[in-house]
Amino acid sequence: MLTKSQPDEIQSYLSDASYVRGGQADRVWFPETAAEVAQILAQATRKRTPVTVSGAGTGTVAGRVPFGGMVIATDNLNEIRSVVAETNGGSGIAEAGVRLIDFQSAVNAKGLLYPPDPTERSCFLGGNIATNASGARTFKYGPTRNYVRRLKIALTTGDVIDIARGELYAADRGIDLPLPSGGKIEAQLPSYDMPHVRKHASGYYIQPGMDLIDLFIGSEGTLGMIVEAELRLLPKPEGLLSGIVFFKDETSLLAFVRDARERSLLARSATARGTGASDLDARALEYFDNESLVFLRQKYDTVPEQASGAVFFEQETAESTEDELMSQWLSLLEAHQALADDSWFGTNEEDHAKLREFRHALPVLMNEWFGRHNQRKVSTDMAVPDHAFAEMLQFYQDNLRRSDLRYTIFGHIGDNHVHVNILPRNDTEAAKAWEIYHRFIHRAVEVGGTISAEHGIGKLKRDYLVELYGEAHIREMAALKKAFDPAGILGRGNIFSEDYL
Ligand SMILES: Cc1cc2nc3c(=O)[nH]c(=O)nc-3n(C[C@H](O)[C@H](O)[C@H](O)COP(=O)(O)OP(=O)(O)OC[C@H]3O[C@@H](n4cnc5c(N)ncnc54)[C@H](O)[C@@H]3O)c2cc1C
């Protein structure tokens, strides 16, 4: 098995897109089979060596940044084993180190759709599952969790378990997981209620009587290492209409979003009831504030001068509905005074890719800023309940406008989940930015929101998780982790501090 330990060879495994500094490890392992992973984990347990699992390193919360011990990289677990069409969709089996973009191409080629689409598609499937990643299409399709049918997971006991959805459930809050080696893992699930929001990636996913596969999804490399996954696929829609729509004023933009969102949710529940839906149904609704457009103009000189905000939308179509849906979107734009003539629309793959690239360019520009100014990323990831979103957005804007810091607000507005990036130029500004950030966390918790909707907690947000759930529930999470990893070697410092172990 390949291993690397020279500083220049392992440097790229010591950081991620959080720009947290100081990562260190003695060695990086590159296993090629589940048995090899299990062997490394069993040995590390015996020697009490910390292990950090590495995906592609696109995470923004330092989850894969190691502080001592070894790294297990998933780069060589990179085979797509199968993509099979079934009635009404299909399924794909792939190893943890397969890049999302490669999996999506393979799925596309079979006329199928894998909905999870975190904006950065160079990430690995294992990283996506470990963080329960979501993205623009989550508005219609939900997060990665909804598509995981089966997981092969290596545990610190040296066991490899194969766990399929629908096979193993908790008995209320008690779990009893049989191991191939003959033993079993017995534990209690924590007793907290998760926030009632559309997206949530903060701490372990817990429901009484839950399917045990869900415990591993979003567990950020702390319970076991995902080696392989079987994923549910959907039929690919016949066509797609997408657009970047510009607005002169924010009030009109927000009213447009409210209407588009409401109509989409209604159309979806009509479809679910089988009463048919002929109304528009956005699969993505993404927001760009004025400051975001200021940044994007650096790369796109065609962003209209008079625009003070924009919305990116995607609408699935069929040949029979295409014209009707296009005219419904155009009427909605007109009703809300969008700058329709200056907006951009796409109806073919090439155009869709260009519009998605515009959406992707913004977080990349933000990351470049943090890198250039040598600062840790100050980026919020909170989602709030429907009733609280308008007030939360106003709260962000009021606080940021009162500061003299640069910032952007953008992202998944359909899910009441926008990212605020506060952009410090030096350490003094960073201190102010973190103070504002904490104010935002506090308010999100107050209104019943989650502190991380999609990026996870990693090592950066664990203090805020204490604010969300309280010490006693964090201790319950730590006890659960110890049932899976008694030596406390795996993903140390992710989700909660090592002190709880
Ligand atoms: C420009 C940009 C835009 C982004 N936009 C989005 C977005 O829209 N939505 C979103 O959800 N995220 C987004 N992200 C964050 C990131 O892409 C996701 O969190 C992604 O799922 C991480 O995958 P990765 O392979 O890079 O994982 P890594 O960063 O390598 O690891 C992430 C965590 O998962 C653990 N892990 C990785 N692989 C495994 C495994 N096989 N088994 C167990 N644990 C494992 C690691 O230990 C770590 O804790 C964005 C990031 C960037 C840079």
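Read the numbers this way: they start at 1 and go in the same order the structure lists the ligands and their atoms.
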Engineer: Do His200 and Thr450 have a side chain donor and acceptor closer than 3.5 Å?
Structural biologist: yes
Engineer: Side chain, backbone, both or neither: which applies to Ala56 and ligand 1 if a contact is any heavy-atom pair less than 4.0 Å apart?
Structural biologist: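 Answer for Ala56: both.
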Engineer: Under 4.0 Å from any heavy atom of Gly63, which atoms of ligand 1 are there?
Structural biologist: 47 (O), 48 (C), 49 (O)
Engineer: Can a donor-acceptor pair be found between the side chains of Ser105 and Asn108 at a distance below 3.5 Å?
Structural biologist: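 Distance-only check fails for Ser105 and Asn108.
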Engineer: Ignoring hydrogens and angles, state whether a donor on the side chain of Arg462 or Ser497 is under 3.5 Å from an acceptor on the partner side chain.
Structural biologist: no
Engineer: I need the contact type for Thr131 against ligand 1. Using non-hydrogen atoms and a strict under-4.0 Å cut-off, is it side chain, backbone, both or neither?
Structural biologist: side chain
Engineer: What do we get for Ile129 next to ligand 1 when only non-hydrogen atoms under 4.0 Å count, side chain, backbone, both or neither?
Structural biologist: neither
Engineer: Establish, for the pair Arg261 and Phe139, whether the NZ or CZ atom is under 6.0 angstrom from the six-membered ring centre and no further than 45 degrees off its axis.
Structural biologist: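 Because its charged atom misses either the 6.0 Å distance or the 45° angle limit, Arg261 does not stack over Phe139.
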Engineer: Considering only heavy atoms, which of Glu120, Arg121, His455, His417 lies nearest to atom 52 (C) of ligand 1?
Structural biologist: Glu120
Engineer: Side chains of Tyr204 and Thr222 only: does a donor on one sit below 3.5 Å from an acceptor on the other?
Structural biologist: yes
Engineer: Using a heavy-atom cut-off of under 4.0 Å, does the side chain or the backbone of Pro118 touch ligand 1, or both, or neither?
Structural biologist: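 It is both backbone and side chain that touch ligand 1.
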Engineer: Just by distance, do the side chain of His352 and the backbone of Leu240 share a donor-acceptor pair under 3.5 Å?
Structural biologist: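 Yes.
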Engineer: Classify the contact between Thr119 and ligand 1 as side chain, backbone, both or neither, using a heavy-atom distance cut-off of under 4.0 Å.
Structural biologist: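 Answer for Thr119: both.
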Engineer: Is ligand 1 under 4.0 Å from a heavy atom in the side chain of Ala17, in the backbone, in both, or in neither?
Structural biologist: side chain
Engineer: Please work out, at 4.0 Å between heavy atoms, whether the side chain, the backbone, both, or neither of Asn494 comes within that distance of ligand 1.
Structural biologist: side chain
